[in-house]
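For reference, the structure is listed below as C-alpha cells.
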2 protein chains.
Amino acid sequence: MKKTSILNKLRSSGLRPTKQRVEIAKLLFNRDKTFHFTVESLGKHLAKKTTTKFALATIYNTVHAFKKAGHLSEVHLRGKNNTTYFDTNISNHHHFYDSETSELIDINDNEIKFDKIPKAPNGKTIKNLEVIINLKN
Amino acid sequence: MKKTSILNKLRSSGLRPTKQRVEIAKLLFNRDKTFHFTVESLGKHLAKKTTTKFALATIYNTVHAFKKAGHLSEVHLRGKNNTTYFDTNISNHHHFYDSETSELIDINDNEIKFDKIPKAPNGKTIKNLEVIINLKN
DNA sequence: GACTTACTTTAGAACTATTATAAACTTTAA
DNA sequence: TTAAAGTTTATAATAGTTCTAAAGTAAGTC
C-alpha cells in the first residue's frame with residue numbers, strides 16, 4: 001500500500017496525519033494478510049517497530065476512528081482476557097478462535113455455506129451472521 | 001422444577017444450599033423457557049423477587065459454580081456493555097443478538113444447517129461452532 | 001514564514017466488569 | 001452442641017477502556 005493510500009485512510013476517517021496516526025495506519029494497512037489485534041498487542045507492535053511514543057488513548061482513538069470509517073472491523077467475540085479484537089479484514093467473513101492461544105484465524109465467506117437459516121424474529125431483520133469455530137488441540 | 005431438583009443442582013455443583021444460592025437456583029432453574037442474563041441483570045431480578053440480600057461476589061461465585069458444573073453456559077459474545085451473558089440453555093444451540101436492546105434469543109441447533117464447513121487448521125480440532133445472527137429493526 | 005484556530009497527544013484520573021481478600025457468619029456432621 | 005469446613009459480605013484490587021484538561025501540532029491565512 002502506498003503512502004497516498006495511508007493518507008487516504010486517515011483523511012477518509014476524518015483524521016489529520018500526525019506522526020502517531022501515520023505509524024498506526026502503516027502498521028495496520030501496509031500488509032497483505034489480514035491482521036487481528038487488540039489495542040494492547042497493537043501498542044506492543046508499535047513500540048517494537050517504531051521509535052515514536054504512543055499514549056494508549058491515542059491508539060484507542062485512532063483504532064476507533066478507523067473502525068467508524070469502515071477501515072477496520074471489530075470481532076464480536078468475548079476472548080479469554082475480555083479484550084476487544086479488531087480485524088483489518090472488513091469483508092464479510094468468519095473466524096476460527098483458539099482460546100488457548102487467544103488467536104483468531106480468518107475463514108473466508110465462501111468456506112462456509114448454509115443449508116438452512118432461521119428467519120429473524122418478529123419485526124427484526126438480519127443484519128449479519130457471524131460464525132466462530134472454537135478450536136482445541 | 002422441584003425443590004429436590006434445585007438441591008441437586010446445588011449439590012452437583014459442589015455448593016451447600018445456603019439461602020442465597022437456593023434463591024439464585026430457583027430463579028434460574030424454576031422456569032420453562034431459556035433464560036439469558038448477566039450477573040447484573042440477575043442481581044436485579046433477585047432484588048425484585050426476593051427479600052434476601054445478595055452481595056455481587058456471591059452471585060458471581062454461584063453463577064460460576066453452576067457454569068463449571070455444566071448447569072449454565074456462557075455466551076461467547078461481546079455485548080455492547082462488555083458484559084458476560086449466561087444462558088440456562090446448555091444444549092448445543094445458537095443465538096440471535098439484538099445489539100440495540102442487548103437481547104439474546106436462542107436458535108435451536110436444528111434451525112441452522114451447514115452445507116460446508118472448513119477444516120480446522122493444522123493440528124487443531126474443532127471444539128464447537130457458534131453462530132451469532134445480529135439483528136436490526 | 002508567523003499567526004491563529006482547530007485539532008491532537010498525553011498522563012493520569014475515572015469508570016465498569018470482574019476477581020480477590022479477610023473477617024463475620026452458617027452449615028454440617030459427629 | 002460444638003468444631004471444622006464452607007459461605008457471605010463489604011471492600012479492595014485488577015484490567016480493559018474512556019474521559020479530561022493541559023501542552024503540543026497541523027493547516028490555512030496573511
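The chains referred to below are lettered A, B, ... by the order of the sequence lines, with proteins before strands, and numbering in each begins at 1. Just so it is clear, the model here is predicted, and its values are computed rather than measured.
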**Request:** Tell me what A/Thr84 touches on the nucleic acid: a base, only sugar-phosphate, or nothing, going by heavy atoms under 4.0 Å.
**Result:** sugar-phosphate
**The single option from B/Leu129, B/Asn108, B/Ile133, B/Ile132 passing side-chain contact (heavy atoms from CB on, under 4.5 Å) against B/His94** = B/Leu129
**Asked** For DNA chain C, whose closest nucleotide is more 5', that of B/Glu40 or that of A/Thr52?
**Response** A/Thr52
**Request:** Return the minimal non-hydrogen interatomic distance between A/Ser13 and A/Ala69, and the atom names on each side.
**Result:** OG-CB, 3.4 Å
**Request:** Considering just the side-chain nitrogens and oxygens of A/Gln20, establish if one lies under 4.0 Å of OP1 or OP2 belonging to D/dT25.
**Result:** no
**Fill in**
Nearest heavy-atom approach of A/His36 to A/Asp106 is NE2-OD1, 2.7 Å
**Request:** Ignoring backbone atoms, test whether A/Arg16 places a side-chain nitrogen or oxygen under 4.0 Å from the OP1 or OP2 oxygen of D/dT25.
**Result:** no
**Request:** Check whether any side-chain N or O of A/Arg21 sits under 4.0 Å from OP1 or OP2 of D/dA26, and answer yes or no.
**Result:** no
**Request:** Determine whether A/Phe114 and A/Ile112 make a side-chain contact, defined as any pair of heavy atoms from C-beta on separated by less than 4.5 Å.
**Result:** yes
**Message:** With a 4.0 Å cut-off on N to O distance, would you call B/Lys44 and B/Glu40 a salt bridge?
**Reply:** yes
**Item:** Candidates D/dT7, C/dT10, D/dG16 - which lies nearest the side chain of A/Tyr60
**Value:** D/dG16
**Request:** Whole angstrom is fine here: how far is it from CG in B/Asn81 over to C1' in D/dG16?
**Result:** 14 Å
**Request:** Grab the CG-C1' distance between A/Asn61 and C/dG12 for me, whole Å please.
**Result:** 15 Å
**Asked** Starting at CZ of A/Phe54 and ending at P of D/dT17, how long is that distance when rounded to a whole Å?
**Response** 18 Å
**Prompt:** Tell me: CG of A/Asn82 to P of D/dT17, nearest whole Å?
**Reply:** 7 Å
**Request:** Report the residue (B/Ala57 or B/Pro17) whose heavy-atom-nearest nucleotide on DNA chain C is the more 5′ of the two.
**Result:** B/Ala57
**Complete:** Atom NZ of B/Lys53 and atom P of C/dT26 are separated, to the nearest Å, by 16 Å
**Spacing between B/Leu15 atom CG and C/dT26 atom P, to the nearest angstrom** = 18 Å
**Fill in**
A/Leu42 CG to D/dG16 P, in whole Å, measures 15 Å
**Request:** Determine the contact category for B/Thr58: base if any of its heavy atoms lies under 4.0 Å from a base atom, sugar-phosphate if only primed atoms, P, OP1 or OP2 are that close, otherwise nothing.
**Result:** base
**Nearest atoms (heavy-atom pairs only) where A/Glu100 meets A/Asn137** = OE1-ND2, 3.1 Å
**Message:** Does B/Leu56 reach a base, just sugar-phosphate, or nothing at all? Heavy atoms under 4.0 Å.
**Reply:** base
**Request:** Output the single nucleotide from D/dG16, D/dA26, D/dT9 whose closest atom is nearest the side chain of A/Thr83.
**Result:** D/dG16
**Request:** Would you mind reading off the distance between B/Glu74 atom CD and C/dA17 atom P, rounded to a whole angstrom?
**Result:** 15 Å
**Request:** Verify the contact: side-chain N or O of A/His64 to OP1 or OP2 of D/dT17, cut-off strictly under 4.0 Å; return yes or no.
**Result:** no
**Request:** Classify the nucleic acid contact of A/Gly14 as base, sugar-phosphate or nothing, counting any heavy atom under 4.0 Å across all strands shown.
**Result:** sugar-phosphate
**Request:** Take B/Thr62 and B/Arg78, find for each the nucleotide of DNA chain D with the closest heavy atom, and name the residue whose nucleotide sits nearer the 5' end.
**Result:** B/Thr62
**Request:** Using a 4.0 Å heavy-atom cut-off across all strands, classify A/Lys19 as base, sugar-phosphate, or nothing.
**Result:** nothing
